[in-house]
Novice: 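One structure, pasted below without further comment.
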Number of protein chains: 2
Amino acid sequence: MKQLARTPKDIGHAIRQARKALKLTQKELANRSGVWQETISKIENDVGGTKIDTIFDLLAALDLEIQIQPRTKGMAIPMDELF
Amino acid sequence: MKQLARTPKDIGHAIRQARKALKLTQKELANRSGVWQETISKIENDVGGTKIDTIFDLLAALDLEIQIQPRTKGMAIPMDELF
DNA sequence: AACATTCATGATCTGTAGATCATTATCATG
DNA sequence: CATGATAATGATCTACAGATCATGAATGTT
């Protein structure tokens, strides 16, 4: 289950999906991540911004990680020239 | 080339690498991303937290995107992040 | 419908990210 | 080395994220 993310909203969606896949409530995820339920709700619904630290706390609690990669569409530079 | 990221520091590293691969200065990246050079410096050096909105601004300017995926097996914490 | 659980929202308060300007340090290169 | 370019740091100020508590809405279960 790989999720592409180009906006904060994408992150929120992915987190909600992962949480539900693990059958966790926001409160349970709050407990194991240290992030408050109210904050999780806002992140999942893309209300305001969020700090990456908070995102990483949630991803860790959901056993997820992030990969940074060249965009697959509309690339300015060929992949070979990157890195 | 795909960069794994489990901490804000990983993000900073990836951004710096991508910026240099594109032969951009922090100031140039600042111009095309709307993020200030001083802020980019702090992000690349992992000074304090950062908002995901800012990260996405930089990734977009670098033609990068994020993928969220289950944690792969292997080192949870890279050597240089211990202590 | 009633009840319990889960999620969303609203207010206040504290901490801090980012903008902005100025300055200092570092790196490159002639 | 000297000089110019690039990057880091520091101060101030504004905006807003997140903690916290309370409550309201939604969802589910019997």
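Order of the sequence lines sets the chain letters (A, B, ...), proteins ahead of strands, with each chain counted from 1.
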Novice: Would a 4.5 Å heavy-atom cut-off, applied to side chains only, mark B/Asp63 and A/Pro70 as touching?
Specialist: no
Novice: Given atom CG of A/Asp46 and atom P of D/dA17, what is their separation to the nearest angstrom?
Specialist: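 About 11 Å, once rounded to whole Å.
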Novice: Quickly, which of A/Lys20, A/Gln17, A/His13, A/Arg19 forms a side-chain hydrogen bond (donor to acceptor under 3.5 Å, both in side chains) with A/Glu44? Name it, please.
Specialist: A/Arg19
Novice: Please report the shortest heavy-atom distance between A/Ala18 and A/Leu64, naming the atom on each side.
Specialist: CB-CD1, 3.5 Å
Novice: Which parts of nucleotides 12-30 of chain C does protein reach within less than 4.0 Å, heavy atoms only, written one letter per nucleotide 5' to 3' as B for base, S for sugar-phosphate only and - for none?
Specialist: -----SSSBBB--------
Novice: Hey, can you pull the residues of residues 58-65 of chain A with a non-hydrogen atom under 4.0 angstrom from DNA chain D?
Specialist: none
Novice: Evaluate the side chain to side chain contact (heavy atoms under 4.5 Å, CB included) criterion for residues A/Gln69 and B/Gln3: first the C-alpha distance (whole Å), next the side-chain angles of each, then the deciding distance (0.1 Å), finally the verdict.
Specialist: CA-CA 7 Å; A/Gln69 61 189 25; B/Gln3 309 272 298; over 6 Å; no
Novice: Under 4.5 Å between side-chain heavy atoms, counting indirect links through other Ile/Leu/Val/Met/Phe/Trp/Tyr residues: same cluster for A/Leu4 and B/Leu62 or not?
Specialist: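 No, it is not one cluster - the side chains of A/Leu4 and B/Leu62 are not joined through contacts under 4.5 Å.
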Novice: Between B/Ser41 and B/Asn45, what is the shortest heavy-atom contact and its length?
Specialist: O-ND2, 2.8 Å
Novice: What's the CD-C1' distance between A/Gln26 and D/dG28, to the nearest Å?
Specialist: 15 Å
Novice: For a side chain to side chain contact (heavy atoms under 4.5 Å, CB included) check, start with the C-alpha distance between B/Glu65 and A/Thr72, then their side-chain angles and the critical distance, and finish with the verdict.
Specialist: CA-CA 8 Å; B/Glu65 66 190 5; A/Thr72 53; 3.6 Å; yes
Novice: In whole angstrom, give the distance that lies between atom CG of A/Asn45 and atom P of D/dA26.
Specialist: 13 Å
Novice: What's the CG-P distance between A/Asn31 and C/dT6, to the nearest Å?
Specialist: 11 Å
Novice: Would you mind reading off the distance between A/Phe56 atom CZ and D/dG18 atom P, rounded to a whole angstrom?
Specialist: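 Answer to the nearest Å: 14 Å.
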Novice: Starting at atom CG of A/Asp57, determine the distance to atom C1' of D/dG18, rounded to an integer number of angstrom.
Specialist: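 After rounding, the reported distance stands at 12 Å.
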Novice: Take the protein atom CG of A/Leu29 and the nucleotide atom P of C/dT6, then report the distance between them rounded to whole Å.
Specialist: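 Rounded to the whole Å, the gap is 13 Å.
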Novice: Could you tell me the separation between the CD1 atom of A/Ile15 and the P atom of C/dA8, rounded to a whole number of Å?
Specialist: 13 Å
Novice: With a 4.0 Å cutoff (strictly under), does any side-chain N or O of A/Arg19 reach OP1 or OP2 of C/dC7?
Specialist: yes
Novice: Could I get the full list of salt bridge (charged side-chain N to carboxylate O under 4.0 Å, His left out) partners for B/Glu38, not counting sequence neighbours?
Specialist: none
Novice: Locate the shortest heavy-atom distance separating A/Gly49 from B/Asp53; write the atom from each residue and the value.
Specialist: CA-OD1, 3.5 Å
Novice: Do the side-chain N or O atoms of B/Arg16 get closer than 4.0 angstrom to the phosphate oxygens (OP1, OP2) of D/dT6?
Specialist: no
